[in-house]
Q: 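The structure under discussion is supplied below as structure tokens; questions concerning it will follow.
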Amino acid sequence: MNRTTFLGLGHYVPPKVVTNKDLEKTMDTTDEWIQQRTGICERRYVEEGMGNVEMSYEATQMALQRAGLKIQDIDFIILATLSPEYTFPGTACFLQDKLGVPNIPALDIRQQCTGFIYGLSVADQFIKTGMYKRILLVGTEVHSTGIEFATRGRDVTVLFGDGAAVSILGALPESEKRGVLSTHLHADGRFAKDLWIENPSSRSHPRITHQHIEEGSWYPKMNGRSVFVTAVKKFEEVIDEALDHNKVKKEEVNLFVFHQANLRIVQSVCEKMEIPMEKTFNNIQKYGNTTAASIPLALSEAWEAGRIKKNDLVCLCAFGSGYTWASALIRW
Ligand code: UT7
């Protein structure tokens with residue numbers, strides 16, 4: 001059996017910066033409220049002509065260059081997003097076309113904020129067995145074209161931003177004792193409607209109506225309080241699960257990379273678990289919540305900042321819509 005290792009990290013965020021002050025002009029909110037409740041100062045939005053495919057393409061170029069690889073070295077593309085460009089086919093197929101590597105498999109993963117860790121777990125199984133050798137794992141999101149710029153949608157709109165990030169995964173012999181040590185995946189569909197988009201839906205006849213548009217049911221809806229409280233609880237549980245499984249103490253972990261949902265969630269978990277905030281890496285201040293892109297975006301920037309070195313123990317953890325939650329422990 002092989003071990004899965006990270007060969008290269010890359011990210012891309014669109015150049016358009018949208019500050020909290022900018023949002024004040026479109027809805028009843030304040031910079032102070034957003035910063036206090038979430039830690040977010042600004043986020044990035046795509047402009048016409050730029051989407052998940054273009055952003056992921058740019059992030060892939062960065063990761064390939066850092067890994068010293070060519071796109072032809074990749075034998076599988078796994079792409080996590082909750083904002084696919086089209087209902088079908090999956091966005092991974094469009095990215096594969098842009099990257100110019102026909103024939104290799106291309107798989108879309110949903111799982112929202114937890115999508116990257118679900119994707120990592122899927123990739124890990126293929127690499128461990130030797131079926132694929134180098135996997136491009138993408139997390140990418142365009143929220144800005146599907147959120148409501150009005151007071152009705154303010155609780156959700158202020159949180160989300162656009163961006164893409166990738167990790168190139170490869171194989172190491174098990175004897176190296178490095179790489180992905182374990183992944184832990186969970187879901188609880190009883191809470192699926194606590195954070196969701198109702199329409200367009202294949203249950204609706206037809207899938208989209210004028211009424212859906214008027215009532216705003218094509219925008220995300222969230223039970224923010226419930227998401228917040230459950231996230232804090234599940235983050236703690238799933239981090240403990242990863243540590244216990246590997247018989248590792250939290251003090252031995254060099255860096256915790258949380259899904260960037262809300263800085264207060266990270267602070268609450270760290271306080272409860274007695275993890276110093278200095279052991280976390282956060283960039284939600286600049287990008288908001290980029291759902292599936294948030295963990296690889298934080299990983300790529302943490303690596304750039306010299307916060308991840310060979311043999312470091314890195315813990316990834318995520319919670320989000322579904323509900324879904326997950327963790328991964330990696331010896332870098
Ligand atoms: O990846 C998972 C994605 N989602 C999350 O992680 C979100 C988790 N939840 C949260 O982060 C928080 O629940 C929020 C940041 C969304 C809201 O913070 P909160 O402290 O839970 O506020 P709240 O929902 O209890 O709302 C307090 C007040 C309400 O007004 P009233 O009813 O007290 O008059 C809201 O209407 O804040 C109001 N409010 C806002 N005010 C200004 C909600 N959104 C905004 C806003 N600006 N953007």
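Heads up: numbering here begins at 1 and tracks the sequence. One-based numbering, in listed order, for ligands and for the atoms of each.
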Q: Among all protein heavy atoms, pick the one closest to atom 9 (N) of ligand 1 and tell me residue, atom and distance.
A: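 Closest protein heavy atom to atom 9 (N) of ligand 1: G224 O, 3.0 Å.
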Q: Does the protein place a non-hydrogen atom closer than 4.0 angstrom to atom 16 (C) of ligand 1?
A: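 Yes; the ligand atom in question has protein heavy-atom contact below 4.0 Å.
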Q: Counting only nitrogen or oxygen atoms and a 3.5 angstrom limit, does T38 reach ligand 1?
A: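 There is no such contact.
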Q: Under 4.0 Å between a Lys/Arg side-chain N and an Asp/Glu carboxylate O for E174 and K128?
A: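 Not counted as a salt bridge, because no side-chain N and carboxylate O are separated by less than 4.0 Å.
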Q: Look at K247 together with D244 and state whether they make a salt bridge at an N to O cut-off of under 4.0 Å.
A: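 No, no charged N to carboxylate O under 4.0 Å.
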Q: Among the heavy atoms of L195, does any lie under 4.0 Å from an atom of ligand 1?
A: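 Yes, L195 has a heavy atom closer than 4.0 Å to ligand 1.
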Q: What protein heavy atom lies closest to atom 6 (O) of ligand 1? Include the residue and the distance to one decimal.
A: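 Nearest neighbour among protein heavy atoms for atom 6 (O) of ligand 1, to 0.1 Å: A261 CB, 3.3 Å.
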Q: Determine whether any protein heavy atom is located less than 4.0 Å from atom 32 (O) of ligand 1.
A: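 Under the 4.0 Å cut-off, atom 32 (O) of ligand 1 has no protein heavy-atom neighbours at all.
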Q: Strictly by modelled atom types, are R43 and N20 linked by a side-chain donor-acceptor pair under 3.5 Å?
A: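 A donor-acceptor contact under 3.5 Å links the two side chains.
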Q: Would you say E237 has more than 12 foreign heavy atoms packed within less than 6.0 Å of its CD?
A: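 Check passes, neighbour count above 12.
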Q: Answer with side chain, backbone, both or neither: which part of V156 has a heavy atom less than 4.0 angstrom from an atom of ligand 1?
A: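 V156 to ligand 1: no contact under 4.0 Å from either part.
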Q: Considering only non-hydrogen protein atoms, determine which one is nearest to atom 5 (C) of ligand 1 and report residue, atom name and distance to 0.1 Å.
A: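 Ranked first by proximity to atom 5 (C) of ligand 1 is V227 CG1, 3.6 Å.
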Q: Ring-plane angle category for Y323 and F191, please: parallel below 30°, perpendicular beyond 60°, tilted otherwise.
A: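 Correct class here is parallel.
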Q: Could you tell me the residue and atom name of the protein heavy atom closest to atom 3 (C) of ligand 1, and the distance to it rounded to 0.1 Å?
A: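 Sorting protein heavy atoms by distance from atom 3 (C) of ligand 1 puts N289 ND2, 3.5 Å first.
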Q: Should the heavy atoms of other residues, nucleotides or ligands under 6.0 Å from CZ of R66 be counted, would the total exceed 12?
A: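 Yes, the 6.0 Å shell around CZ holds more than 12 heavy atoms from other groups.
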Q: Is the distance from the ring center of F258 to that of F319 below 6.0 Å?
A: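 No, too far apart.
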Q: Counting heavy atoms only, which of F160, Y323, W33, F319 is nearest atom 39 (N) of ligand 1?
A: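 It is W33 whose heavy atom sits nearest to atom 39 (N) of ligand 1.
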Q: Of all the non-hydrogen atoms in the protein, which one sits nearest to atom 7 (C) of ligand 1, and at what distance?
A: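 Of every protein heavy atom, M222 SD, 3.6 Å lies nearest to atom 7 (C) of ligand 1.
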Q: Tell me whether T30 has any N or O atom under 3.5 angstrom from an N or O of ligand 1.
A: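 No, there is no polar N/O contact under 3.5 Å.
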Q: Check the pair W325, H186 against ring-ring contact (aromatic ring centres under 6.0 Å, His included), reporting the backbone distance first and the verdict last.
A: CA-CA 5 Å; W325 61 103; H186 298 279; 5.5 Å; yes
Q: Atom 35 (C) of ligand 1: which protein heavy atom is closest, and how many Å away?
A: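 That would be R154 NH2, 3.9 Å.
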Q: Pick one of side chain, backbone, both or neither for how V158 approaches ligand 1, counting any non-hydrogen atom pair under 4.0 Å.
A: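 Contact part for V158 vs ligand 1: side chain (C-beta onward).
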Q: Any salt bridge between R154 and D28, counting N to O under 4.0 Å?
A: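 Salt bridge flag = yes for D28 with R154.
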Q: Provide the number and element of each atom of ligand 1 under 4.0 Å from a heavy atom of I265.
A: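 Close to I265: 6 (O).
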Q: Could you name the option among Q260, R225, R37 that has the heavy atom nearest to atom 26 (O) of ligand 1?
A: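 Looking at heavy atoms only, R37 sits closest to atom 26 (O) of ligand 1.
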Q: Under 4.0 Å from a heavy atom of N262: give me the atoms of ligand 1 that qualify, with their elements.
A: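 The atoms of ligand 1 under 4.0 Å from a heavy atom of N262 are 10 (C), 11 (O), 15 (C).
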Q: What atoms of ligand 1 come closer than 4.0 angstrom to any heavy atom of C113?
A: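 So the atoms of ligand 1 that pass are 1 (O), 2 (C).
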Q: Are any non-hydrogen protein atoms located under 4.0 Å from atom 43 (C) of ligand 1?
A: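 It does; a protein heavy atom is within 4.0 Å.
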Q: Angle between ring planes, Y45 versus F149, binned at 30° and 60°: parallel, tilted or perpendicular?
A: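 Rings of Y45 and F149: perpendicular, over 60°.
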Q: Pick, from D28, T29, V232, the option with the minimum heavy-atom distance to atom 48 (N) of ligand 1.
A: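 Result: the heavy atom closest to atom 48 (N) of ligand 1 is in T29.
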Q: Should E251 and K249 count as an ion pair when the cut-off is N to O under 4.0 Å?
A: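 No, E251 and K249 are not salt-bridged.
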Q: For ligand 1, note which part of M27 has a heavy atom under 4.0 Å away: side chain, backbone, both or neither.
A: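 It is neither; nothing of M27 touches ligand 1.
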Q: For the CG atom on N311, are there more than 12 heavy atoms of other groups (residues, nucleotides or ligands in this structure) within a distance under 6.0 Å?
A: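 Correct, the count exceeds 12.
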Q: Please work out whether the ring planes of H184 and H245 are parallel, tilted or perpendicular, with thresholds of 30° and 60°.
A: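 Rings of H184 and H245: perpendicular, as their planes differ by over 60°.
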Q: Could you tell me if K279 sits above the aromatic ring of F256, with its cationic atom closer than 6.0 Å to the ring centre and no more than 45 degrees from the axis?
A: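 No, K279 and F256 do not form such a contact.
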Q: Can you tell me which portion of T157 lies within the under-4.0 Å heavy-atom range of ligand 1? Options are side chain, backbone, both, or neither.
A: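 It is neither part, as no heavy atom is under 4.0 Å.
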Q: Below a 4.0 angstrom heavy-atom separation, can you tell me which part of H259, side chain or backbone, both or neither, approaches ligand 1?
A: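 Near ligand 1, H259 shows its side chain, while the N, CA, C and O stay back.
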